[in-house]
Amino acid sequence: MESAAHTHSHNDIHESLLHPTPPSSDKQEPSPSGEALEMILSDTQLAYVDRIGKATWIELKLLSHLAVPAVFVYMVNNMMSMSTRIFSGHLGNLELAAASLGNSGIQVFAYGLMLGMGSAVETLCGQAYGAKKFEMLGIYLQRSTILLTLVGFLLTLLYIFSEPILLFLGESPKIASSAAVFVYGLIPQIFAYAVNFPIQKFLQAQSIVYPSAFISAATLVVHLALSWVAAYKLGLGLIGASSVLSLSWWIIVAAQFVYIVKSDKCRATWRGFSAQAFTGLPEFFRLSAASAIMLCLETWYFQILVLVAGLLENPELALSSLSVCTTINGLAFMISVGFNAAASVRVGNELGVGHPKSAAFSVVVVTVISFMISIFIASTVLAFRNVISYVFTEAAAVSDLCPFLALTLLLNGIQPVLSGVAVGCGWQAFVAYVNVGCYYVLGLPLGALLGFHFKLGAKGIWLGMLSGTAMQTFILVWVTFRADWNKEVEEAMKRLNKWDHMNKTLSNDKS
């Protein structure tokens, strides 16, 4: 990847803070807060401590405006999925195992692919908004939605044939059959993903996050009530629980789209449906594919671990215990993903407007804050390790996994944030190579070896996953904090000019 070489530059964060770069004359006028941050970081007349102190205060205000509502949105969305598994778990251990396998073995495949492809919107919209090329955001949103919808039709086949696929992979026939029932109810959710992720990145790039938070909160209340009615009162069981989850996602999508159309905040970036969205799809697909590969290699890794757990002795117990830990990890992961979104927006905006020092400083601040929060969460998990599993099922099957879960939570305070930085910079292809080595060369084989050969079961699988995540985190820390941010600004400008020129060319050809 072209920017991979830039990440290996010998210029570190402190160098980029201490040596200012004069802004180019052709840059768009930056936002007041971003301009203040860049001026402070470039002011060598201030003492280093004073400079960092003032810059930290500004960056904390910028990040809190983005991260707090973003974390809330991701937490609520995850709680909808988690509550669906909780409702399923109280129907019985088989239902919990089926919901876990259907969710982590099939649904996560679609989630990772759709979210990964949506990351192309995150890179382009974030940098375009920083450069004040507002009209480009709406086109990117529509192109991404079209591409993701087309992919959604292909993914529907995976859902329809989920039972024979799971049986082919060696899963228990009883669990595979029940998991397929659960998955059938999630088919409409595929197309909700296709619209939601581009909308989500479109809004986040503009620092519009509070409306999504209010919409998600209201939808969660509706989701809990409908899930209880469908699963228990109407006796619809697994298919009822998963169908309600699909409906809830569509409620969120519809409400967010209405906001975009009606809000004055999106007037400059949303200018209605355009036929131009159907042009340039092959080029946009290539960029989306690079983004998808980066994230899919990670999400598929966790998916494969669940499938491998289904091959262990006593698969119901293994899947149930692993489900509880992955659910807790997923809930905590949503906090880091919120900071991931904030980091991506902050870095993308600052690179787009031509602020290398602000982008570099934002990386430091958001990483430190996220890691501090992860320490608190990991400590809480260890303190309540003996009672956590009873929330989901009646077996205390996860206490032995909790120490490893706590270590994973610590790593998740760093790794997702730096992945957000990678998206903001456009490093997706480089991170894809890192994910291949860390997850599939190290983590997965080690987990299988410990789980089967050394008879460690779910604990061995988790240890393998932990090793791969640790390796990935170390590499991302190394390349991020040795990045040359001045060159990243140049790359952002080249990327935006390329897409802007392509849009104008396609538009002129059509006219």
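Residue numbers run from 1 in the order of the sequence given.
- Without hydrogens or angle criteria, Ser64 side chain to Lys61 main chain gives a donor-acceptor distance under 3.5 Å.
- In this structure, a donor-acceptor pair under 3.5 Å is present between the side chains of Trp427 and Glu488.
- A heavy-atom distance below 4.5 Å is not found between the side chains of Pro198 and Phe202.
- Annotation: ring pair (Phe, Tyr, Trp, His ring centres under 6.0 Å) contacts of Phe214 (sequence neighbours excluded): none.
- Under the 3.5 Å distance criterion, the side-chain polar atoms of Asn196 are left unmatched by any main-chain donor or acceptor of Val253.
- Judged by distance alone, with hydrogens and angles left aside, the side-chain atoms of Ser248 form a donor-acceptor pair with the main-chain N or O of Val244 at under 3.5 Å.
- Using modelled atom types, no side-chain atom of Ser212 and backbone atom of Ile208 make a donor-acceptor pair closer than 3.5 Å.
- The local environment of CZ in Phe474 is sparse, with at most 12 non-hydrogen atoms from other residues, nucleotides or ligands closer than 6.0 Å.
- Side chain to side chain, Ser362 and Glu350 fail the donor-acceptor criterion of an N or O pair below 3.5 Å.
- Using a 4.5 Å cut-off on side-chain heavy atoms (C-beta onward), Asn435 and Tyr440 make no contact.
- Taking each heavy atom of Met493 and Leu351 in turn, the nearest pair found is CE-O, 3.5 Å.
- When side chains are defined from C-beta on, Lys201 counts as touching Leu115, because their heavy atoms get closer than 4.5 Å.
- Applying the salt bridge (charged side-chain N to carboxylate O under 4.0 Å, His left out) rule to pairs touching residues 405-427 yields nothing, sequence neighbours excluded.
- Tested against Phe191 for a ring pair (Phe, Tyr, Trp, His ring centres under 6.0 Å), the candidates Trp250, Tyr159, Phe153, Phe197 yield a single pass: Phe153.
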Residues Arg346, Leu37; criterion side-chain contact (heavy atoms from CB on, under 4.5 Å); working and verdict:
CA-CA 12 Å; Arg346 288 289 301 120; Leu37 179 61; 3.5 Å; yes

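- Taking the six-membered ring where the residue is Trp, His65 and Tyr210 present tilted rings, their angle falling between 30° and 60°.
- Rounding to the nearest 0.5 Å gives a distance of 11.5 Å between OG of Ser243 and CG of Leu226.
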After noting the C-alpha distance and the side-chain angles of Tyr439 and Thr469, does the key distance pass the side-chain contact (heavy atoms from CB on, under 4.5 Å) rule?
CA-CA 7 Å; Tyr439 291 145; Thr469 304; 4.0 Å; yes

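- Side chains of Gln206 and Lys265 form no contact here, defined as non-hydrogen atoms less than 4.5 Å apart.
- For the 3.5 Å distance criterion, the side chains of Ser83 and His223 qualify, holding a donor opposite an acceptor.
- Side-chain contact check for Met82 versus Ile328: every heavy-atom pair is 4.5 Å or farther apart.
- Here the side chain of Gln142 pairs a donor or acceptor atom with the backbone of Gly272 at under 3.5 angstrom.
- Contact detail for Ser242 and Leu186: the closest heavy-atom pair is O-CD2, 3.6 Å.
- The CZ atom of Phe361 lies 7.0 Å from the CD atom of Glu59; values are rounded to the nearest 0.5 Å.
- A donor-acceptor pair is defined here as one N or O able to donate and one able to accept, closer than 3.5 Å; no such pair exists between the side chain of Ser344 and the backbone of Ala341.
- Note: Ile190 CD1 to Trp249 CH2 = 13.0 Å, rounded to the nearest 0.5 Å.
- For Tyr129 and Tyr140, the distance between ring centers is not under 6.0 angstrom.
- The distance from the CD1 atom of Ile58 to the CG atom of Leu62 is 7.5 Å, given to the nearest 0.5 Å.
- The shortest heavy-atom contact between Ala110 and Leu155 is CB-CD1, 3.8 Å.
- Side chain of Ser246 to main chain of Gly185: a donor-acceptor pair is present (N/O by atom type, distance under 3.5 Å, no hydrogens or angles).
- Contact of the Leu203 side chain with the Cys266 side chain is registered, since non-hydrogen atoms from C-beta on lie closer than 4.5 Å.
- Around the CZ atom of Phe376, the shell of radius 6.0 Å holds no more than 12 heavy atoms that belong to other residues, nucleotides or ligands.
- Considering all non-hydrogen atoms of both residues, Val151 and Met114 come closest at C-CE, 4.4 Å.
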Start with the C-alpha gap between Ile335 and Met75, add the side-chain angles, then the distance that decides, and say whether side-chain contact (heavy atoms from CB on, under 4.5 Å) holds.
CA-CA 7 Å; Ile335 298 177; Met75 287 282 288; 3.7 Å; yes

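- Residues Val209 and Phe72 have side chains not in contact (no heavy-atom distance under 4.5 Å, counting atoms from C-beta outward).
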Take Val353 and Lys132, measure what side-chain contact (heavy atoms from CB on, under 4.5 Å) needs, and give me the verdict at the end.
CA-CA 8 Å; Val353 80; Lys132 298 188 180 300; 5.8 Å; no

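- Minimum interatomic distance between Leu281 and Ile146 (heavy atoms only, all atoms of both residues): CD1-CG2, 4.2 Å.
- Under the 6.0 Å distance and 45° angle rule, Arg267 does not count as a cation-pi partner of Trp270.
- With values rounded to the nearest 0.5 angstrom, Leu247 atom CG is found 10.0 Å from Met80 atom CE.
- Put simply, SG on Cys125 and CD on Gln204 are 10.5 Å apart, with the number rounded to the nearest 0.5 Å.
- Between Ser42 and Glu38 the shortest side-chain heavy-atom distance falls below 4.5 Å.
- Proximity of a side-chain donor or acceptor of Ser370 to a complementary backbone N or O of Val366 within less than 3.5 Å is not detected.
- Nearest heavy atoms, Ser216 versus Val73: OG-CG1, 3.8 Å.
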